[in-house]
There are 2 protein chains.
Amino acid sequence: MSKSTRSPATYKDIQRLTGLSLATISKYYNGRNVLASNREAIEAAAAELNYRPNAFASSLRRGVTRTVGVLLPSFQNPFHLEIVVGIEKYLRTHGIGVLVTSNEQDGTPSSVNAVELLLSRRVDGIIGVPALSDSSALATAVSIGIPVVTVDWLPSGLDADSVSLDNVQAGKVATQHLIDHGHRTLGALVGEEGMWSLQGRLDGFLAAARAAGVTIADDHIQRAPINVDYGYAAMMRLLAAETRPTAVFAGNYDLTVGAVAAVNDSGLRLGHDISLVGFDSVELAKVTSPKLTVYVQPVEQIATEAARIMNARLDDPDSTTSHVMLELPGHLQIGASVRRLTD
Amino acid sequence: MSKSTRSPATYKDIQRLTGLSLATISKYYNGRNVLASNREAIEAAAAELNYRPNAFASSLRRGVTRTVGVLLPSFQNPFHLEIVVGIEKYLRTHGIGVLVTSNEQDGTPSSVNAVELLLSRRVDGIIGVPALSDSSALATAVSIGIPVVTVDWLPSGLDADSVSLDNVQAGKVATQHLIDHGHRTLGALVGEEGMWSLQGRLDGFLAAARAAGVTIADDHIQRAPINVDYGYAAMMRLLAAETRPTAVFAGNYDLTVGAVAAVNDSGLRLGHDISLVGFDSVELAKVTSPKLTVYVQPVEQIATEAARIMNARLDDPDSTTSHVMLELPGHLQIGASVRRLTD
DNA sequence: CTGTTAGCGCCTTCAT
DNA sequence: ATGAAGGCGCTAACAG
């Protein structure tokens with residue numbers, strides 16, 4: 001195939017080769033009935049011209065773009081790549097494209113706001129993974145009337161569907177695992193207040209502790225912004241607490257990384273001197289020694305469900321179905337970082 | 001702001017409020033000169049109407065979309081998220097949107113080919129991270145005449161710019177580090193043949209060995225498809241070799257994960273019984289015990305450069321500048337996984 | 001500086 | 001089943 005800088009072929013070119021009207025050609029490409037002979041003529045012409053429909057010309061006419069925006073938060077972890085890829089994979093099978101933006105608050109105020117870019121490109125909907133500070137951007141999307149689906153958590157007041165882990169359940173299961181192994185002095189690393197997901201995991205942690213009659217000391221709950229360094233510092237504080245917890249639950253990927261690093265740097269042996277259940281870090285769990293026990297989100301399923309809900313909203317824009325709040329179960333992946341305590 | 005499902009405002013609406021012609025309004029939005037009074041009138045009307053330019057109507061007219069496609073390979077690692085986000089961040093400041101697709105060969109043959117989706121949406125260019133099997137898709141993009149920039153490696157025969165790590169140098173530096181620590185029996189884990197980047201790292205490994213007068217046994221070079229399980233198996237083979245290497249270089253993220261897991265599962269102590277230099281796994285390096293020494297790619301810089309080159313090509317489409325092949329240096333991040341051998 | 005006009009590629013009546 | 005005509009929102013001539 002020779003390189004050609006010529007502008008792409010259009011219906012007119014096909015018309016020239018086939019003698020058919022533009023309407024007929026359009027019908028062919030939209031799956032309506034066309035005489036077999038004409039169909040063949042069009043296909044032959046299209047092949048020769050290397051024709052490809054112009055999706056946005058069609059968008060202009062139809063008023064929909066078959067494109068959805070994906071808004072990533074200002075911080076990233078490996079979870080987010082799987083989300084994007086999962087969404088894209090699902091939507092592509094429905095002929096929908098994915099425009100990604102990240103809500104990085106870079107220094108450049110000149111830079112176009114991420115959501116504005118999406119709206120200007122007339123995306124049919126937005127799937128957002130909100131950071132604490134991103135919720136207002138999603139609100140403007142809601143306000144112009146396009147469907148919004150959030151992943152991971154739903155900022156309060158946002159009129160949108162959401163798909164997330166069943167966070168309370170996750171916190172419970174992880175904590176119960178610690179309790180089942182005989183631990184009674186428990187610590188937790190969780191995010192700042194406001195983020196639903198982390199709060200839910202903490203709620204589950206507390207509920208499991210309460211149900212087991214375990215009391216949690218105030219300084220055994222460490223809140224930190226979601227990043228590795230804060231997780232590290234928070235874990236260090238836990239390890240230095242007056243009475244050190246025998247087991248810790250880290251409520252998120254970044255906090256888990258920081259926590260493991262803190263344990264190692266303290267010269268403590270994971271799963272021996274201190275027990276730990278991490279979060280979301282399947283790959284990390286493989287390389288720690290001993291392997292980490294982690295609660296794993298069903299990332300692919302979350303992505304797929306978010307895409308499915310979005311697709312359903314787009315298929316039926318007038319639907320008045322009330323918003324979905326889907327909470328999916330994850331699972332505990334057992335490693336050897338939780339020691340059995342025998343009293 | 002009240003939710004409105006009404007269709008978005010257009011120039012016509014602004015015209016109705018201001019009495020100005022469409023041309024003047026267009027000029028305003030394209031930064032041409034407009035009387036101050038008219039400018040204010042337009043701004044007032046736009047604010048009232050919550051007007052946002054329709055990017056693809058403009059595209060239709062101008063023949064460019066200010067959108068570039070990013071094509072991800074059929075396998076993913078955390079590296080790729082940073083690439084996408086880095087590219088998006090740069091391009092957004094230039095008003096360019098990013099349409100992502102992954103070249104997943106899912107079972108659904110009905111699903112639209114990733115590159116076809118991009119071309120149908122008339123992206124102005126494509127930045128691709130090719131997997132071994134994805135290069136033909138990029139070739140069709142090249143054949144229709146839009147600029148293509150590859151990241152990580154350039155499939156042979158593809159007429160495109162590329163940005164990558166200086167792989168040979170990386171392999172040399174990592175290997176020299178092992179040699180400097182007294183190791184003379186070296187092993188390497190690298191990818192299948194064909195991928196430039198992995199081959200370059202191996203070349204660097206071999207060059208450093210040769211320069212130091214170190215000979216490498218055939219079975220100390222293990223080739224594996226790029227994924228954790230194969231990396232694990234390959235490392236196991238190295239550890240079981242007739243004469244076991246004292247130090248190993250893992251040439252990629254996934255292979256590194258597999259290698260560390262294999263070491264741990266073998267009951268060997270990292271940095272003691274076996275030395276290891278990993279690749280790209282900054283986060284992993286923090287949680288292994290001891291911390292892993294890794295060669296780190298300048299991911300953000302790679303992403304930015306790829307975006308910058310793409311943007312330059314778009315700014316000057318007629319440029320006949322020959323293709324750029326940019327190779328950037330990374331750096332070795334020292335941990336404690338390489339033991340000093342004293343003979 | 002502003003307005004008029006035509007048309008980008010496609011889809012949708014409405015005839016035929 | 002096909003064709004003719006108009007228009008989606010915007011921009012590029014050109015004229016004033």
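Values in this document were obtained by computation on a predicted structure and should not be read as measured data. So you know, we letter chains A, B, ... as the sequences are listed, proteins then strands, and number each from 1.
Backbone-only engagement by A:Y11 is indicated by non-hydrogen atom pairs under 4.0 Å involving sugar-phosphate atoms exclusively. B:K12 comes within 4.0 angstrom of sugar-phosphate atoms only, judged by non-hydrogen atoms across all strands, and of no base. Residue A:L60 is classed as a base contact, given a heavy-atom separation below 4.0 Å to a base. Base contact: B:S26 has a heavy atom under 4.0 Å from a base atom. Using a 4.0 Å heavy-atom cutoff across all strands shown, B:Y51 reaches sugar-phosphate atoms only and no base atom.
Surrounding CD of A:E300 are at most 12 heavy atoms belonging to other residues, nucleotides or ligands under 6.0 Å away.
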- Evaluation steps, side-chain hydrogen bond (donor to acceptor under 3.5 Å, both in side chains), between B:T65 and B:D124: CA-CA 6 Å; B:T65 54; B:D124 294 335; 3.1 Å; yes

- Message: Run A:N311 and A:H94 through side-chain hydrogen bond (donor to acceptor under 3.5 Å, both in side chains) and show every step you take.
- Response: CA-CA 8 Å; A:N311 189 50; A:H94 294 261; 3.2 Å; yes

- Test ring pair (Phe, Tyr, Trp, His ring centres under 6.0 Å) on A:Y51 and A:Y29 and set out the steps. CA-CA 11 Å; A:Y51 175 78; A:Y29 278 104; 5.2 Å; yes

- Query: Should A:L119 and A:I146 be marked as a side chain to side chain contact (heavy atoms under 4.5 Å, CB included) after you check the CA-CA gap, both sets of side-chain angles, and the distance that decides it?
  - Reply: CA-CA 9 Å; A:L119 296 180; A:I146 63 175; 3.8 Å; yes

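For A:R61, the side-chain atoms get nearest to C:dC10 when compared with the rest of C:dC8, D:dG3, C:dC10. Candidate nucleotides C:dC8, D:dG3, C:dC11 were compared by shortest atom distance to the side chain of A:N30, and C:dC11 ranks first.
Counting to the nearest Å, the P atom of D:dA4 and the CD1 atom of A:I25 are 12 Å from each other. One interatomic measurement links the two molecules: CZ of A:R32 to C1' of C:dT13, which rounds to 11 Å at whole-angstrom precision. Summarising the geometry, the separation between OH on B:Y29 and P on D:dT11 is reported as 10 Å, rounded to the nearest angstrom. The distance between atom CD1 of A:I14 and atom P of D:dG3, rounded to the nearest whole Å, is 14 Å. Straight-line distance from the CD atom of B:Q15 to the P atom of C:dT5: 12 Å, rounded to whole Å. Atom-to-atom, CG of A:N33 to P of D:dA1 comes out at 4 Å; the value is rounded to the nearest Å. B:F56 places its CZ atom 12 Å from the C1' atom of C:dC10, with the value rounded to the nearest Å. Taking atom CZ of B:R62 as the reference point, atom P of C:dA6 lies 22 Å away to the nearest angstrom.
Residue A:N38 places no side-chain N or O under 4.0 Å from the OP1 or OP2 atom of D:dA1. Residue B:N54 has no polar side-chain atom (N or O) positioned under 4.0 Å from OP1 or OP2 of D:dC8. Checking the phosphate oxygens (OP1, OP2) of C:dC10, no side-chain nitrogen or oxygen of A:S58 falls inside 4.0 Å. Phosphate proximity of C:dG3 to B:S21: present, with a side-chain N or O under 4.0 Å from OP1 or OP2.
Toward the 5' end of DNA chain C, the nearer of the two residues B:G19 and A:A57, judged by each one's closest nucleotide, is B:G19.
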